[in-house]
S.K.: 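Sharing a structure below in structure tokens format, with a few things to ask.
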Amino acid sequence: MKKISIFSLAAIALLSASSCKKFTNINSNPNSATTSTPEVILPQAIVYTAANASSFNDYGAEIGGFAANAGGYGGFGSAWTYDYGPNDFSGLWSITYDALNDFENVINITANDSTHVLYNGIARIMRAYNFEMLVDAYNNVPYSQALQGLSNMVTPKYDDAKTIYPELADQLDSAIAIVHKSESAANQAPITSANDPMFGGVAASWIKFANTIKLRLIVRASAVASFSNTTFDAAGFLTTDAIVNPGYAKISGQQNPSWNTWVQSYAGSNGNRAWMPCTYAFSYYNGAKLLDSNRGKVIYLSYPNTANNQLGVGTTSVVSAPATTNAWYSGSTTALGNTAGIMKGLNMGEPLVLAAEGYFLQAEAQLRGIITTSVTTDSLFNSGILASFKYLYLLPDDATLASYLNTPAKDFAQYQADNSGSYLVNWSLATTPAQQLEAIITQKYIAVNFINSQEGWNEYRRTGYPVSSSSTTDPTASFASTLSQSTRPDKLPTRILYPASEYSYNAANVPSGISPYTSLIFWAH
Amino acid sequence: MRKTLTLLALLLFYYLAAYSQTQKFTGKVLSKDGTPIPDASVRIEGAKTGTTTNAKGEFIITARPGTVILISAIAFTPERVTLTPDRPSYSIALSESSKFMDEVVVSAGGLKSRVKEQGYAATSIKATELTNTAPVDVTSSLSGKVPGLIISDAGGGVNQNYRVVLRGQRSLLGNNQALIVLDNVVVPNEILGNLNPDDIANIEVLNGASAVALYGSEASNGALIVTTKKGTKGVPQIRLANTSTFQEVSSYPKLQTEFGGGGNGYGINPDGTPVFSPIENQSYGPKFDGHMVNLGYPLENGDQLMVPYKANNDRKNFWNKGYTNQSDFSVSSGNDNSTLYLSGQYAQVTGEMPGDKYNRATLRLNGTRKVSNVVSTSYNLGWTQNRYDVTTQGADIYNNLLNIPANVPILMFKNWRTNEYANPNGFENPWYQNPYFEADNNREHVRNDYLIGNVQVDVNAAPGLNLTARVGMTTANVSALVYTGKFTYTAYAIKESGGSKSNIPGTVNPYSDYQTRLESDVYATYKKEISKFSFNLTGGWSIRQNNSAINSATVTGLVVPGLYNLSNSINQPTAYNDTYESRLAGLYGDFKVGFNNYLFLEATGRNDWVSILNPPHNSFFYPSVSLSFVASDAITALKEMRNLDYLKFRGSWSKVGQVNLTSDPNSITFGAYSLEPTYSQVNGYPFNGNAGYTVGNQIVKSGLLPEFTKGYEGGIDLSLFQSRVSGSITYYSTHTTNQTVPANVSLASGYSSYLLNSGEVSNQGIETKLSVIAYQNKNWTATVGGNYSHYNNKVISINPALPTLSIYTYGSGAGSYAVPGYQFPVIMGTDYQRDPQGHVIVNGTTGLPVVNQTLQVLGNSNVKDQLGLDLTLRWKNLTLYTLFEYRGGNKIFNNGGATYDWSGTSIRTVAYNRQRFIFPNSVIADPAHAGQYVKNTTAVIQNGNGNDGFWTDATENMGVTSNYVTSAAFWKLRQLSISYVVPASVIHSKAIKNITISAQGRNLFMWVPKSNIYTDPEYSDAGTTSNGIGLTNLQAPPSRYFGGTLSITF
């Protein structure tokens, strides 16, 4: 009995110890995927970037004179004063880095994979695009140590924006080389619009897109930074708009992000009604500065009687935004959607870069001798305006011109005629390089209105065009808020602040003493 | 293990050797009042053989006639009896030992030990102390009674949730709440609040880890050992009771009553005052003057509501008087072989929020049965169901209330279906909903069902050797329906509001989840006395399995109003489901040795294997040692001191591992699957047949380890003057290392959170307790008691890469943080720039304060000092009981404060009568000396109003955290009760044994410093499960409870 007790107890103890391993080996996740593939990460990252592009537009529209507060709302705070806190627009930072991490993941898992070459190239191009968006908003940002969380780098240092820009251009060069390589490589994983909701896996389109981003980097910074290679791949620049559309639909989370924010939710709730067109931008359409009745009609609700306001004017006299839709929507207010203009419909694609911007970049680059093309600068300028007409005249499917409108070319001609005295419209009247630059940037400002508004704001900070007066008494002459606390002559801010999360979690690296009135993006003045 | 086996073998040898030469005697051991004494030791003097009594106090012993047996039991004076051949049966009455240190309490693993043997701090709370204020949730009645225990109500409502923490927080981001053990089975913390308080016989609070190391890796936070009632032998006892309790708002934010709706944004009157607006929610309009004004715009039929322009009290009167009715019954009976305890309770609660309802039903069946002479069984079975019908928009409704100018007669908007001004179409404010409508239109119906049970078999395998097997089970099932009703506005309302009134599409979200926790324990206990030494050895193993699943679906866009079903929609529902499983296996041993009944040493060891960590880090061992020395028994000089009942010195050391992959002790994830990165579909995916995945946002350090809490405690217990004075003092010190930290990290890393082992927190403190029977005679007893605890929780380190660790933060970055060198946690947020003397630096031109956007430590939010004071006064059959509690030494951030400023209803906004003002105690740059500052007497803030002035300025006022950080100190009258036992001479009934009538109140009064103009500093906006204490927001206003109970015992 003695022995039996000892042995049985010992046996139980041993059994329990040895079976523990099996007993506790049950920790594999039944709820979430723990591995993934480039085929499904890349499209999501592109769609995420498109959603973020919509947020960048909101930021550019609110600061850059495209939008102003509507009546009936309060709490504009720093949107009126420009006295930004670290929470203003902080989503731009978090979402861009989050999307960048998805691209970084694609780059890492395809790095040594000879079957996903194009995936690798696309992810690299998109990484450069997103980093440029960050630099343009924040100047110095973590770059060389960014996106290395998996290597336990959680407090990345900030790189000088002046060095990031040339690095991005180099990255685009190598990405273009990788895309070229994919065209001839064997055994490539298929890539369709399911995997690439922007260009459907067309390598040539990606190279044009990459060239255009690189051109933007060089045009913007060639005066203050040195680029190792200022030549461009022969494929040229964007001739059509770079638009993301994964199949936006009237389903929770699946509407076009701009439409969802500004017009109506999938469930029928009103969009954001606290903002409406800014008088300053509107005056480029209604004849106050320029007359652009065709684009005005296709963009704005009830043009030319569209509700508009000057930023900072908050008395009861300010009219409200339209009750059931949005002022940047020109279609039927009873059956929303399927219209041309900016807010085309819930199923419209989200543009990352317009062809118009590509032409205006080329025009400026040629003007400044950065590139030399076979076409004349005035032809590039006109192509830019025409491309803007073309984009605006498209229906939500991004392909069909609205049949109820004239042709873009015809209305462009009328635009030139209507403003026959203005060098901002008619290149031949712009006789000095300064006027030519002003014409290019002003037309770019008009083309990106409430589409890629941040580019209008960026170019204003870089070139001072379109002109914004030092007095806010005339709402068509200045887009600064009447309640501005900015110390600059133009009463505008210079930048937004780093997000609070950086001050909390990366305090040793985040630059201190950033002022929204005096700290400049490196290419600005 | 080897030692145990040797001793076991020895015992068996003796048992067998004695068997062949002897005769059988039976006996029964009773106390002087005739109650059987179970587990009494019956030992043959001079030999090593013996037995113990069963549940009925009976024993059988085989011995040679003439043998002397020694009968001893814990808490009784031992007796010697000589066995004579002509007398086979004995009845032995033991007298109770006068020293209550012999009292037996349940300690870890269901093992019993005497108070005198305990080498650690413990507090025993008896049934009467738990129910004397008749709470629905027993947790609330522990506040202020136990040194080292902090109970916090996270935010009011019909069924409050409490946070239960012993000795301060030690884990940065893991679970810090005390382990709850119900009838020897570890249960989720939420079970405590779902017990019928009347079912509880005793709660043993074991403050330190060494006391509970045997419970396994969840015990590092101390434990509340809850034991439910058992039936008693004799005449059955039946109790019926009914309690009615009222609840009302006990304190309210300080609001201004001078200014109504409007603001400078609407223009400025000729006299310079801001223009009135009939629809504005911000109270930055002109001063109240009593004349009739419009409220809202005219309705479609032309009706216009007009009200006097003066303040009313409706914002407070909006809150109802809550009412709770509780009915109880219980039956207790027993005979020689079995006992039975049955009970039922039904509680019905209506809340302060209009429409909020809660009810709870509990049933309990506890019993014991002796199956044979050596086998006894016991079982405990509890069933609780609770039902909520509450609004989901509590905080938003409160926000709306505080955004309503003081002249608005809110109470008239109750009947929004029939009153045209209360209907959403006609409601005066276009931006904020009628709070009554909002409460009605946004609801959740939640059903929670809990089944908690265990069965246990005890086998008295041999003299001194007991085998116990126990299986416990807890299941919790939730099914809920959450919805927002559909509302379609009239075209007129949409147009008149400028589109601010936007159709509500309606949402419905049904969900259900379950969790099951199974626990099985098998252990053997062997007791042996060898001359002056007593040995008590236990070895056993424990396995635990947790399973859970959740299913949830949501659809927005309803078709038929009032129909809340997924199918009633123009859209497709979105759905998700998750399942979780975790397991734990533990092997443990406990070795107790006593010397001469005054010196006791106990050592425990346990090894755990857990499924939620990766091998080899998922197996870890942790030991504890404790020593107790009863000086009053050991030292003759002390023993002979007339007025010294006892004096005990105790000390213990322990190291306990805890796997902290979730901070929520009720979490249905159990921390499972936390180690691997995940990918998920987001941003609208899947789109039309195409998948799209994102990389998860958490990085996990490979080789993640458990947290370890290592520490010691020492203390003294004493009793003087025949127990009229008793007290204790304990000092403890622990260090928790290897913290499992899902730290927020720079988003530029590509991730938002990084799970790693890093950091150390130290907890030191003093716990004292003193109880004095100040006066006692035949009719009167006056007892005063007090307990004081001091806490010092400090973050020693986190990680070089993480200078600060956010625990719970708001979008602004302000919130609760861990910062090395500071108390844990601290409030961090923005502050104004200050000169070296602390004066606020203002802009010399605008007079506006300059804000330092870098987050600063603005104060610690952990309680540093806690005091409980109680008084019991008994006069004949009448008993008065009061309990006060103080907590202090900490700060609180009232995140809701900015809302009150935004709306212009807060008292702060009238500090300068809405006129231009000089920022108080401010300085401006000295024009003569760069870098120096002079007192500001010139720079004036021109716009001292809100709307577009200083008070609503997000940068200079609302966004500055330090404006809303105040002292968190409070005194509360926690409990007050008066009960009267109706004398038997009055009842005149044989059936009725007792009638008790009582009146009682809880949290009747709260006193806070003047600076706290907001709310109860005990609240936590981060909820009960986050360690981010010290933050409040717009939780329901704090309440007082008062009512009466009638109970009859048959």
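Note that the coordinates shown come from a computational prediction; the quantities given were computed from them, not determined experimentally. Below, read A as the first sequence line, B as the second, and so on, with proteins coming before strands; counting in each chain starts at 1. Basis for what follows: all heavy atoms, side chains included, without hydrogens, waters or symmetry-related copies.
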S.K.: By a 4.5 Å heavy-atom criterion (distance strictly below it), what part of E581(B) contacts chain A: side chain, backbone, both, or neither?
M.R.: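 Both the backbone and the side chain of E581(B) come within 4.5 Å of chain A.
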
S.K.: Take atom NZ of K157(A) as the centre, draw a 6.0 Å sphere, and report whether it contains more than 12 heavy atoms from other residues, nucleotides or ligands.
M.R.: yes

S.K.: Measure distances from A500(A) to the heavy atoms of chain B and classify the residue's part below 4.5 Å as side chain, backbone, both or neither.
M.R.: side chain

S.K.: Could you have a look at P43(A), A321(A), G77(A) and say which one has the most heavy-atom pairs with chain B under 4.5 angstrom?
M.R.: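 It is P43(A).
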
S.K.: In chain order, what residues pass the side-chain contact (heavy atoms from CB on, under 4.5 Å) check against A50(A), with sequence neighbours excluded?
M.R.: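 Checked A50(A) against side-chain contact (heavy atoms from CB on, under 4.5 Å); matches are V244(A), Y248(A), E350(A), L352(A).
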
S.K.: With respect to chain A, which residue among L675(B), L805(B), T804(B), L747(B) yields the maximal number of heavy-atom pairs within a distance under 4.5 Å?
M.R.: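 Between L675(B), L805(B), T804(B), L747(B), the count favours L747(B).
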
S.K.: If you count heavy-atom pairs under 4.5 Å with chain A, which of G557(B), A954(B), A691(B), S497(B) comes out on top?
M.R.: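 With the most close heavy-atom pairs to chain A, the winner is A691(B).
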
S.K.: In terms of heavy-atom pairs under 4.5 Å, which option from Q145(A), R273(A), Q148(A) contacts chain B the most?
M.R.: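 Ranked by heavy-atom pairs under 4.5 Å with chain B, first place is R273(A).
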
S.K.: Could you look at L147(A) and say if it's the side chain, the backbone, both or neither that has a heavy atom under 4.5 Å from chain B?
M.R.: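 Both backbone and side chain.
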
S.K.: At a heavy-atom separation under 4.5 Å, does N690(B) approach chain A through its side chain, its backbone, both, or neither?
M.R.: side chain

S.K.: Distance only, no hydrogens: is a donor on one side chain within 3.5 Å (strictly under) of an acceptor on the other, for D948(B) and N943(B)?
M.R.: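 Checked: D948(B)/N943(B) side chains pair up, N/O donor to acceptor below 3.5 Å.
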
S.K.: Would you please classify the geometry between the F687(B) ring and the Y685(B) ring as parallel, tilted or perpendicular, with 30° and 60° separating the classes?
M.R.: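 Taking F687(B) first and then Y685(B), their aromatic rings stand perpendicular (interplane angle over 60°).
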
S.K.: Using non-hydrogen atoms and a 4.5 Å limit, figure out which bit of T952(B) sits close to chain A: side chain, backbone, both or neither.
M.R.: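 Contact with chain A is absent: no heavy atom of T952(B) under 4.5 Å.
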
S.K.: Find the one option among A70(A), S151(A), P30(A), P156(A) whose heavy-atom pairs under 4.5 Å with chain B are most numerous.
M.R.: P30(A)

S.K.: Which residue out of M828(B), Q853(B), Q681(B) racks up the most heavy-atom pairs below 4.5 Å with chain A?
M.R.: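 If we count pairs closer than 4.5 Å to chain A, Q853(B) comes out on top.
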
S.K.: Side chain from CB out, backbone as N, CA, C, O: work out which of these in S28(A) comes under 4.5 Å of a heavy atom of chain B, or both, or neither.
M.R.: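 When you check distances to chain B, only backbone atoms of S28(A) fall under 4.5 Å.
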
S.K.: Using heavy-atom distances under 4.5 Å, tell me whether N697(B) contacts chain A through its side chain, its backbone, both, or neither.
M.R.: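 Answer is side chain: those atoms of N697(B) sit under 4.5 Å from chain A.
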
S.K.: Does the plane of the ring in Y158(A) sit parallel, tilted or perpendicular to the ring in W93(A)? Use 30° and 60° as the thresholds.
M.R.: parallel

S.K.: Heavy-atom pairs under 4.5 Å with chain B - which of V313(A), L100(A), L150(A) has more of them than the others?
M.R.: L150(A)

S.K.: Using heavy-atom distances under 4.5 Å, tell me whether N87(A) contacts chain B through its side chain, its backbone, both, or neither.
M.R.: side chain

S.K.: Where on A194(A) is there a heavy atom nearer than 4.5 Å to chain B: the side chain, the backbone, both, or neither?
M.R.: both

S.K.: Can you see whether T830(B) engages T961(B) through a side-chain donor-acceptor pair at a distance of less than 3.5 angstrom?
M.R.: yes

S.K.: Does any pair with a residue in residues 32-43 of chain A pass side-chain hydrogen bond (donor to acceptor under 3.5 Å, both in side chains), and if so which ones, sequence neighbours excluded?
M.R.: E39(A)-H116(A)

S.K.: If you count heavy-atom pairs within less than 4.5 Å of chain B, which of F76(A), Y84(A), Y48(A) leads?
M.R.: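 Maximum pair count with chain B is reached by Y48(A).
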
S.K.: Could you check which of V610(B), N688(B), N571(B) has the highest count of heavy-atom pairs closer than 4.5 Å to chain A?
M.R.: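 Most pairs with chain A among the choices: N571(B).
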
S.K.: Could you have a look at I494(B), I504(B), T579(B) and say which one has the most heavy-atom pairs with chain A under 4.5 angstrom?
M.R.: T579(B)

S.K.: Contact part of T955(B) toward chain A, heavy-atom cut-off under 4.5 Å: side chain, backbone, both or neither?
M.R.: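 Interface part for T955(B): side chain.
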
S.K.: Tell me which of these, Y817(B), Y673(B), W431(B), has more heavy-atom pairs under 4.5 Å with chain A than the rest.
M.R.: Y673(B)

S.K.: For Q485(A) and T81(A), which I'm curious about, is there any donor-acceptor pair between the side chains at under 3.5 Å?
M.R.: no

S.K.: Can you list the steps and then say if Y754(B) with Y505(A) is a ring-ring contact (aromatic ring centres under 6.0 Å, His included)?
M.R.: CA-CA 11 Å; Y754(B) 182 27; Y505(A) 314 131; over 10 Å; no

S.K.: Only one of N130(A), N101(A), N52(A) clears side chain to side chain donor-acceptor pair (under 3.5 Å) with T96(A); which?
M.R.: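 Of all the options given, the one that passes is N52(A).
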
S.K.: Just give me the residue among A99(A), G149(A), P86(A), P499(A) that pairs up with chain B most often, heavy atom to heavy atom, under 4.5 Å.
M.R.: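 Heavy-atom pair counts peak at G149(A).
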
S.K.: Under a 4.5 Å heavy-atom cut-off, does chain B meet the side chain of Y143(A), its backbone, both or neither?
M.R.: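 Y143(A) has no heavy atom closer than 4.5 Å to chain B.
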
S.K.: Against chain A, label V522(B) side chain, backbone, both or neither, depending on which of its atoms sit under 4.5 Å from a heavy atom there.
M.R.: neither

